[in-house]
**Student:** 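Pasting a structure here, questions to come.
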Number of protein chains: 2
Amino acid sequence: MKIITYNVNGLRSALGKGLLDWVAEAQPDVLCLQEIKAGREPLDVSGFEALGYHAYLHPAQKPGYSGVATFSKLLPKNVVVGCGRECYDTEGRVLRLDFEDFSVLNTYMPSGTSGDERQAFKVEWLHFFRQYVRELQAMLPGLLIGGDFNCCQQDIDLHNPKANQNSPGFTPEERRWFADFLADGYVDAFRHHPGAVPGHYSWWTFRAGARARNVGWRLDHWLVNAGLQPRISSAGHLPDVVHSDHCPVFVELI
Amino acid sequence: MKIITYNVNGLRSALGKGLLDWVAEAQPDVLCLQEIKAGREPLDVSGFEALGYHAYLHPAQKPGYSGVATFSKLLPKNVVVGCGRECYDTEGRVLRLDFEDFSVLNTYMPSGTSGDERQAFKVEWLHFFRQYVRELQAMLPGLLIGGDFNCCQQDIDLHNPKANQNSPGFTPEERRWFADFLADGYVDAFRHHPGAVPGHYSWWTFRAGARARNVGWRLDHWLVNAGLQPRISSAGHLPDVVHSDHCPVFVELI
DNA sequence: CCTCATATG
DNA sequence: CATAAGAGG
């Protein structure tokens, strides 16, 4: 069972760059996309359906902004769109699919790079999300949380930790949040396997050839609740897949 | 003496498509551009200066909108930016260069295609402009008015006159205005020479391959005051020059 | 350095 | 069907 998260930086743009050809080849069982940037018209998901996927969308209210989508080969037994808090749900940030013995929570966490106000909004979200997941976890047999977290925890998670001590995504507050979140009973699938390998990132700025020089950040994650940990057979990045400034990040379950 | 008017639909875009190479080859003595669409930063005119032109700009206040520019090999003895009426001058629509024995008035007339309000604004402009030119004409030895008039007069001036009886640019009101303007003592240089030849247009919509099928309108003109008429040696369009949805329109004076 | 929406043509 | 600004990243 292969489950992939991918911030596509505009689904229409990614489709134009051959996203569906890659999906057909990669054959994920569940595919979680972020930043679909749906417009006023509903997105065309017929290409995914033709590949055998059920499609679930949670666009933002604002056209061209944010939004998540999950595509699944298996029919989920339940789908939950949004988290029930309006200030987040208008931005299309969470979408949950419940299967028989686990759930996949697709999430696009706010970015703080556009200023203090959005960084504050992001930190509020992080605390909300942690509490929200604590409540979910009590109700669900197993939980995989995948998406663009817009933050990371350790020096090894970004190319230049020294220069980014106070950058949004790597502030002490966010790093502590990440550790606390894991302490609630989650493993970071990539650090579980392959482990503490440096130079594995999931996002690179478009500027200055950062991706070619692998000057990146590991912002996209699979956090898997401890009970499911024995079922993780592999996890990794697909940095050669290029439809976006992010790359796909996968986890495989037995 | 070759004088050219050209709606470039964004000067930066046109420069990117090789406008300067064409200027270097065409060697106009005076070049009137419309829809320069200047941004917040001043436009870079060094390429024109390197070709020996004096540069005069009248951008709109709103970034990326409207605006005219005139480039001249001869140093004008006087330059007048705008027409003195604020509602037009904020939109960068007129720029006059006075030479020894004639003046070149570069003008970008409003478009009415975006709705009734702008069509009404355009008609007000047309009446203002006619009166404005009457006053100028009394003060100037000779006058060439060139630019994107966003209107035309006769059935021969557009590919589909029947279907456009009430389209902005060919309303009865605008056609009458054009006839009245000429009656004030101007010749339409293109109708003076080559004359009543059909299928010569200066603008084609970007849609549906209109230019390839020559489904166009003659919206760009040189109107020359009657006293200068004997000096017109030729006039014409350059439809093979493609940096814009318009083509350059020239007049040559002896 | 990208994508997207919007204004304007 | 284009250009360009602007928001957001």
Side-chain angles (χ1 to χ4, degrees), chain A residues 7-17 19 34-41 43 59-67 91-92 108-115 117-119 121-122 148 150 167-169 203-213 215 217 219 242-246, chain B residues 7-17 19 33-41 43 59-67 91-92 108-115 117-119 121-122 148 150-151 167-169 203-212 215 217 219-220 242-246:
Chain A
N7 178 320
V8 289
N9 189 29
L11 181 50
R12 283 164 295 168
S13 166
L15 287 169
K17 293 171 183 164
L19 181 71
Q34 302 87 37
E35 278 205 273
I36 59 174
K37 296 188 177 182
R40 211 170 288 285
E41 312 299 320
L43 281 166
Q61 251 170 32
K62 170 148 82 161
Y65 178 69
S66 186
E91 298 192 358
Y108 173 47
M109 307 214 178
S111 166
T113 55
S114 58
E117 202 168 331
R118 289 301 289 181
Q119 178 66 13
F121 179 85
K122 175 187 190 174
D148 177 359
N150 262 317
S167 299
W203 173 81
W204 305 261
T205 176
F206 279 120
R207 277 165 273 200
R211 191 160 183 169
R213 295 181 293 124
V215 177
W217 294 53
L219 298 179
V242 184
H243 312 97
S244 166
D245 49 347
H246 293 249
Chain B
N7 178 321
V8 289
N9 189 28
L11 180 52
R12 282 163 296 169
S13 166
L15 287 169
K17 294 171 182 164
L19 181 71
L33 304 183
Q34 302 87 37
E35 279 205 272
I36 59 172
K37 296 187 177 182
R40 211 170 288 285
E41 312 300 321
L43 282 166
Q61 250 171 34
K62 172 148 83 158
Y65 178 69
S66 185
E91 297 192 357
Y108 172 48
M109 307 215 178
S111 165
T113 55
S114 60
E117 203 168 331
R118 288 301 288 180
Q119 179 65 14
F121 180 84
K122 176 186 188 174
D148 177 359
N150 263 316
C151 61
S167 299
W203 174 81
W204 305 261
T205 175
F206 279 121
R207 277 167 270 201
R211 191 161 183 168
V215 176
W217 294 52
L219 298 178
D220 302 86
V242 184
H243 312 97
S244 165
D245 50 346
H246 293 247

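Chain letters run A, B, ... following the sequence lines, proteins first and then strands; every chain starts at 1. Given the structure is predicted, the values throughout are model-derived calculations rather than measurements.
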**Student:** Rounded off to whole Å, could you give me the NE2-to-P distance for the H246(B) and dC1(D) pair?
**Tutor:** 18 Å

**Student:** In whole Å, what is the span from the CG atom of L43(A) to the P atom of dC4(C)?
**Tutor:** 10 Å

**Student:** Quick one: H243(A) NE2 to dG9(D) P, roughly how many Å, whole number?
**Tutor:** 23 Å

**Student:** Can you identify which nucleotide, out of dG6(D), dC4(C), dG9(D), has its nearest atom closest to the E35(A) side chain?
**Tutor:** dG9(D)

**Student:** By nearest heavy atom, map G10(A) and N150(B) onto DNA chain C; which one lands nearer the 5' end?
**Tutor:** G10(A)

**Student:** Without decimals, in angstroms, what is the distance between K17(A) NZ and dC1(C) P?
**Tutor:** 15 Å

**Student:** What's the closest nucleotide to the side chain of R40(A) if the choices are dT6(C), dT3(C), dG9(D)?
**Tutor:** dT6(C)

**Student:** Which of these nucleotides, dG9(D), dT3(D), dA4(D), is closest to any side-chain atom of Y108(A)?
**Tutor:** dG9(D)

**Student:** Using a heavy-atom cut-off of under 4.0 Å over every strand shown, decide if N9(A) touches base, sugar-phosphate, or nothing.
**Tutor:** sugar-phosphate

**Student:** Quick one: is Y65(A) getting a side-chain N or O under 4.0 Å of the dG9(D) phosphate, OP1 or OP2?
**Tutor:** yes

**Student:** For S111(A) and dG9(D), is the shortest distance between a side-chain N/O and OP1 or OP2 below 4.0 Å?
**Tutor:** no

**Student:** Does dT8(C) have OP1 or OP2 under 4.0 Å away from a side-chain N or O of K62(B)?
**Tutor:** yes

**Student:** Pair D245(B), W203(B) - check side chain to side chain contact (heavy atoms under 4.5 Å, CB included), show working.
**Tutor:** CA-CA 6 Å; D245(B) 50 346; W203(B) 174 81; 3.0 Å; yes

**Student:** What is the separation between atom CZ on R211(A) and atom C1' on dG9(D), rounded to the nearest whole Å?
**Tutor:** 15 Å

**Student:** Using the closest heavy atom to pick a nucleotide of DNA chain C for each, name whichever of G64(A) or D245(B) lands nearer the 5' end.
**Tutor:** G64(A)

**Student:** Is the side chain of E35(A) donor-acceptor paired with the backbone N or O of N9(A) at a distance under 3.5 Å, no angle test?
**Tutor:** no

**Student:** Between dA2(D), dG6(D), dC4(C), spot the one nearest the side chain of S13(A), thanks.
**Tutor:** dC4(C)

**Student:** Can you sort out the partners of Y65(B) under ring-ring contact (aromatic ring centres under 6.0 Å, His included), two or more places apart, ordered by chain and number?
**Tutor:** none

**Student:** If you check every side-chain atom of K37(A), which of dG9(D), dG6(D), dT3(C) has the closest atom?
**Tutor:** dT3(C)

**Student:** My understanding is that only residues two or more places apart in sequence, or in another chain, count here; which of them pass side chain to side chain donor-acceptor pair (under 3.5 Å) with T113(A)?
**Tutor:** S111(A)

**Student:** Does the side chain of S114(A) get closer than 4.0 angstrom to OP1 or OP2 of dG9(D) through an N or O atom?
**Tutor:** yes

**Student:** I want to verify a distance call: between dG9(D), dA4(D), dT6(C), whose nearest atom is closest to the P63(A) side chain?
**Tutor:** dT6(C)

**Student:** To the nearest 0.5 Å, what is the distance between NZ on K37(A) and CG on L43(A)?
**Tutor:** 12.5 Å

